2 protein chains.
Amino acid sequence: MPAPSHATEATRRAILDATAELLAEAGAERLSIREVCARAGVTAPTVYHHFGDKDGLVLKVLEDSFTAFVQTVDALDKPRDPIEALARAWDGYVAYGVAHPMHYRIMFLLRLARATPIPAATAAFQRLVDVLSAAEAEGLLVPPLEDACKAFWSAMHGVTSLIAAGHLTPDTPASALVRDAVIAHITRPRGGARRPAKKKRSKP
Amino acid sequence: MPAPSHATEATRRAILDATAELLAEAGAERLSIREVCARAGVTAPTVYHHFGDKDGLVLKVLEDSFTAFVQTVDALDKPRDPIEALARAWDGYVAYGVAHPMHYRIMFLLRLARATPIPAATAAFQRLVDVLSAAEAEGLLVPPLEDACKAFWSAMHGVTSLIAAGHLTPDTPASALVRDAVIAHITRPRGGARRPAKKKRSKP
DNA sequence: CGTAAAATATAACGCCGTTACAGCTTCTCC
DNA sequence: GGAGAAGCTGTAACGGCGTTATATTTTACG
């Protein structure tokens, strides 16, 4: 049982890098294993040996992408004030989608059809839960934590995906608008009174 | 120069229906023209004769889907109060994404790589602009119309796409939460005083 | 009926994902 | 060090895909 050779890891990296490049250039639909092979300087069975099949290859790239995303988020400074921290988390999230639009799109495309969750993806979501939990611990959160998470995530994803899709420019005021709207609605100011109940608007 | 035969239109419909079915069942990635042909009972060149190529075929299905969406939205009753109308527009939009998740996803996937806009898609967006314009005309809108549109659309799309992707359940409270948050933030109550300026939160 | 044009079918090309199979490298153990 | 096993990589092929040149049928109209 020989240990993995050092040359093997270089091959894996070459394949992953080529895949990530082509993914960013052409998108997931036009990604071709044969093209990956040509760029990485290997042949097809090598790819299959290392990653199983095309989905496995793309999944690995996406895992790395999610990991990088989590590291980026962790590198942000976290203000003591949970509400400020929320705004920073939003901006960091959106900024990542702006920096890697194709990866961001594929991240969500891929999570659709996939039954097994991607650990790095759930870790990324956990960062958001943490920030909102901190707000809740200080009594600043109005709705239940779970609903607040979903609401914050939905709005953040909406802005990010429209920017990543090219429908909005990265510096659109709409991002801060939605961010402040959601933050204002799910939090109450520190030490402030209870937010007055909104007029009821039930779905038809 | 024979006029188009009546049998031709039936063939077109058969192809479009088969495509729509397969699109809803398997998604855009796994859609195969040969499968469409088998289900519609025609051969491949017939499809190419009528729709040019695969993109043309899917585009036509999507146009029909957008048209149906616009008709659905137009069929909603429009409350006199622009702010109530906003909430109804939100619910109608989200409901359509819930009813046709695969089409909703493909609508946005397809608009990405496409240079020429889809008329029915811009018509759908125009409905949103109309509702917000009505609010602006009554002096109920806080930000500029364009920013309000983008913000409203972003948040609505975020919620809808997460539901369509299966990450949120259709009846999640997060939808109403985000809806009310955005509406409260971009409008001021009728006849009410100017909304106090929010604490400035500029992006880093 | 005859003819021109539209509608459809046949058959093929090239690319794709995938995989049996064989050769090579590298490590382990004696 | 040498034999052998196990992982690594290349060759060649299969079936399916989108697409198209070409031929055939069907339709509409004079």
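Letters A, B, ... are given to chains in the order of the sequence lines, protein chains preceding strands, and every chain is numbered from 1. Since this is a predicted model, take the numbers as computed values, not measurements.
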Would you indicate, yes or no, if [N] has its OP1 or OP2 atom less than 4.0 angstrom from a side-chain nitrogen or oxygen of [X]?
{"X": "A:H50", "N": "D:dG7", "value": "no"}
{"X": "B:T46", "N": "C:dA9", "value": "yes"}
{"X": "B:H49", "N": "C:dT8", "value": "no"}
{"X": "B:T8", "N": "D:dT27", "value": "no"}

Residues which pass ring-ring contact (aromatic ring centres under 6.0 Å, His included) with [X], listed by chain and number, not counting sequence neighbours:
{"X": "A:F51", "value": "none"}
{"X": "A:H50", "value": "none"}
{"X": "A:H100", "value": "A:Y96"}
{"X": "A:Y48", "value": "none"}

Margin query: Tell me which pairs pass salt bridge (Lys or Arg N to Asp or Glu O under 4.0 Å) where either residue lies in residues 153-162 of chain A, with sequence neighbours left out.
Written below: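 Sorted result for residues 153-162 of chain A: empty, none.
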
Check: Shortest non-hydrogen contact from B:Y104 to B:A164?
Finding: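 Scanning both residues, the minimum pair turns out to be CD2-CB, 4.3 Å.
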
Check: Any idea which heavy atoms bring A:P170 and A:I163 closest together, and the distance?
Finding: CA-CG2, 3.8 Å

Check: Which of residues 16-23 of chain A sit near DNA chain D, with a heavy atom under 4.0 Å from it?
Finding: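 Those residues whose heavy atoms fall under 4.0 Å from DNA chain D, taken from residues 16-23 of chain A, amount to none.
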
Could you list the donor-acceptor pairs under 3.5 angstrom formed between side-chain atoms of residues 134-152 of chain B and any protein atom two or more places apart in sequence or on another chain?
from	atom 1	to	atom 2	distance (Å)
B:E138	OE1	B:R190	NH1	2.6
B:E138	OE1	B:R190	NH2	3.2
B:E146	OE2	B:K150	NZ	2.8

Item checked: Distance, rounded to the nearest Å, where A:F51 contributes CZ and D:dC8 contributes P ->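 Nearest whole value for this atom pair: 11 Å.
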
Checklist line | Protein-nucleotide distance (B:E9, atom CD; D:dA28, atom P), rounded to Å | finding: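 Distance, rounded to whole Å: 13 Å.
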
Checklist line | With sequence neighbours excluded, residues passing salt bridge (Lys or Arg N to Asp or Glu O under 4.0 Å) with B:D53 | finding: none

Margin query: Run the salt bridge (Lys or Arg N to Asp or Glu O under 4.0 Å) test against B:D74 and tell me which residues pass, sequence neighbours left out.
Written below: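 In terms of salt bridge (Lys or Arg N to Asp or Glu O under 4.0 Å), with neighbours along the sequence ignored, B:D74 is linked to B:R127.
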
Write down the protein N/O and nucleotide N/O pairs, taken from nucleotides 23-25 of chain C, whose separation is under 3.5 Å; answer none if there are no such pairs.
none

Check: Can you give one letter per nucleotide of nucleotides 10-20 of chain C, going 5' to 3': B for a protein heavy atom under 4.0 Å from the base, S for sugar-phosphate only, - for none?
Finding: B-B---BBBBB

Below 3.5 Å, can you tabulate the donor-acceptor pairs from side chains in residues 15-24 of chain B to any protein atom, sequence neighbours excluded?
from	atom 1	to	atom 2	distance (Å)
B:T19	OG1	B:I15	O	2.7
B:E21	OE1	B:R39	NH1	2.8

